[in-house]
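Below is one structure, written out as structure tokens, with a few remarks after it.
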Amino acid sequence: MRIATFNINGIKARIESLTEWLTDTSPDVVLLQELKSVDENVPRGPIEDLGYNVETHGQKGFNGVAILSKFPIEDVERGLPGDESDEQARWIEGTVVGPKTALRLCGLYLPNGNPAPGPKYDYKLAWMERLKNRAQSIIKQEETCIVAGDFNVIPERRDAARPDAWVKDALFLPDTRNAWRRIVNLGFHDATREVTQDDGVFSFWDYQAGAWQKDDGIRIDHILLTPQAADRLVAAGIDKDVRGREKPSDHVPVWVELDV
DNA sequence: ATGGCTTCCATCGGAAGA
């Protein structure tokens, strides 16, 4: 089963390039971020026409996450536990049942956090603490599970073309990276790092200043695997060419193939 | 660079993104 995560930066603006990529690569499951749409305005028709079930957790104007799946999506939960007052649509869970085993899916759009310091950065760190708590219970349950999405975290210097440009940024500050490590160290495997230790592996290139043309990218979209999921890892990759197509998102899809 | 693009909402500018 191929599972991808993709921050599409607006599902209404991206529906044509999204369906083109779905047709080309035919992933079984897709976790989407930044729908920038309420649920009722998501253009689900063109996606359903390609054989996908669609579960969304949208919000007016920004944020918004979704699960697309060729398999039925069961036990859907919306919103990250731990703060009833949090109205931002950044978390969705669901389960798909493959030929061999069930797979729990957690799709996330982690807060950007800039400018740091400030209230937006405080929200980011608090959100990461809630994510750690949810991740801890997933690990304890020994589920075959992936936690994937736009983490807005550059884990290491090798994950940026120009790491020195990011040292004061919310995506790369020590508190951000420490919080990331505390989550990964619960027992997760970073799928992309399971298949490559290379520099220059990126998932985002800014629209500005010719970042794509200069390959001035960062790796911030990640797929974390529980040990039970990592045992079933067959392959992983990044669909980098998507960034060079017409009217692209500033992110590209990151994917894994799991024997589930 | 107090933002060089891009999207959204809502108009003809501002917020948000990373």
Sugar-phosphate only, base, or nothing, as touched by [X] at under 4.0 Å among non-hydrogen atoms:
| X | value |
| --- | --- |
| A/N7 | sugar-phosphate |
| A/K120 | sugar-phosphate |
| A/R90 | sugar-phosphate |
| A/D216 | nothing |

(request) Taking the six-membered ring of A/Y109 (Phe, Tyr or Trp), confirm whether the NZ or CZ of A/R90 is under 6.0 Å from its centre and within 45° of its axis. (result) yes
(message) Under the side chain to side chain donor-acceptor pair (under 3.5 Å) test against A/T95, which residue among A/E74, A/E77, A/R104 passes?
(response) A/R104
Could you give the distance separating [M] and [N] at their [atom1] atoms, to the nearest angstrom?
| N | M | atom1 | value |
| --- | --- | --- | --- |
| B/dA15 | B/dA10 | P | 14 Å |
| B/dT2 | B/dA16 | C1' | 15 Å |
| B/dG4 | B/dG13 | P | 15 Å |

(message) For the backbone of A/V30 and the side chain of A/R2, can you confirm whether one donor and one acceptor N or O come within less than 3.5 Å of each other?
(response) no
Per [X] side chain, nearest of listed nucleotides [options]:
| X | options | answer |
| --- | --- | --- |
| A/K12 | B/dG17, B/dT7, B/dC9 | B/dC9 |
| A/Y109 | B/dT7, B/dC8, B/dG17 | B/dG17 |
| A/K60 | B/dC9, B/dC5, B/dC8 | B/dC9 |
| A/A209 | B/dG4, B/dC8, B/dG17 | B/dG4 |

To the nearest Å, how far apart are [X] [atom1] and [N] [atom2]?
| X | N | atom1 | atom2 | answer |
| --- | --- | --- | --- | --- |
| A/Q59 | B/dA16 | CD | P | 11 Å |
| A/E34 | B/dT6 | CD | P | 15 Å |
| A/Y123 | B/dA16 | OH | P | 13 Å |
| A/Y207 | B/dA16 | OH | P | 18 Å |
| A/L32 | B/dT7 | CG | P | 16 Å |
| A/N152 | B/dA16 | CG | P | 15 Å |
| A/K36 | B/dA16 | NZ | P | 12 Å |
| A/K124 | B/dG17 | NZ | P | 10 Å |

(message) Closest-nucleotide mapping onto DNA chain B: is A/N41 or A/N114 further toward the 5' terminus? I mean the 5' end.
(response) A/N41
(request) Could you pick out which residue, A/K214 or A/V38, lies toward the 5' side of DNA chain B when each is mapped onto its nearest nucleotide? (result) A/K214
(request) Among A/L35, A/N41, A/V42, find the one that has a side chain to side chain contact (heavy atoms under 4.5 Å, CB included) with A/V38. (result) A/N41
(request) Can you tell me the pairing partner of B/dT2 across any strand shown, Watson-Crick or G-U wobble, with both distances under 3.5 angstrom? (result) none
(message) Looking at B/dG13, which nucleotide sits across from it as a Watson-Crick or G-U wobble partner, both distances under 3.5 angstrom, or is there none?
(response) B/dC9
(message) Counting the benzene-type ring for Trp, do A/Y207 and A/W212 have ring centres under 6.0 Å apart?
(response) no
(request) Measure from the ring center of A/W205 to the ring center of A/H251 and say whether it is less than 6.0 Å. (result) no
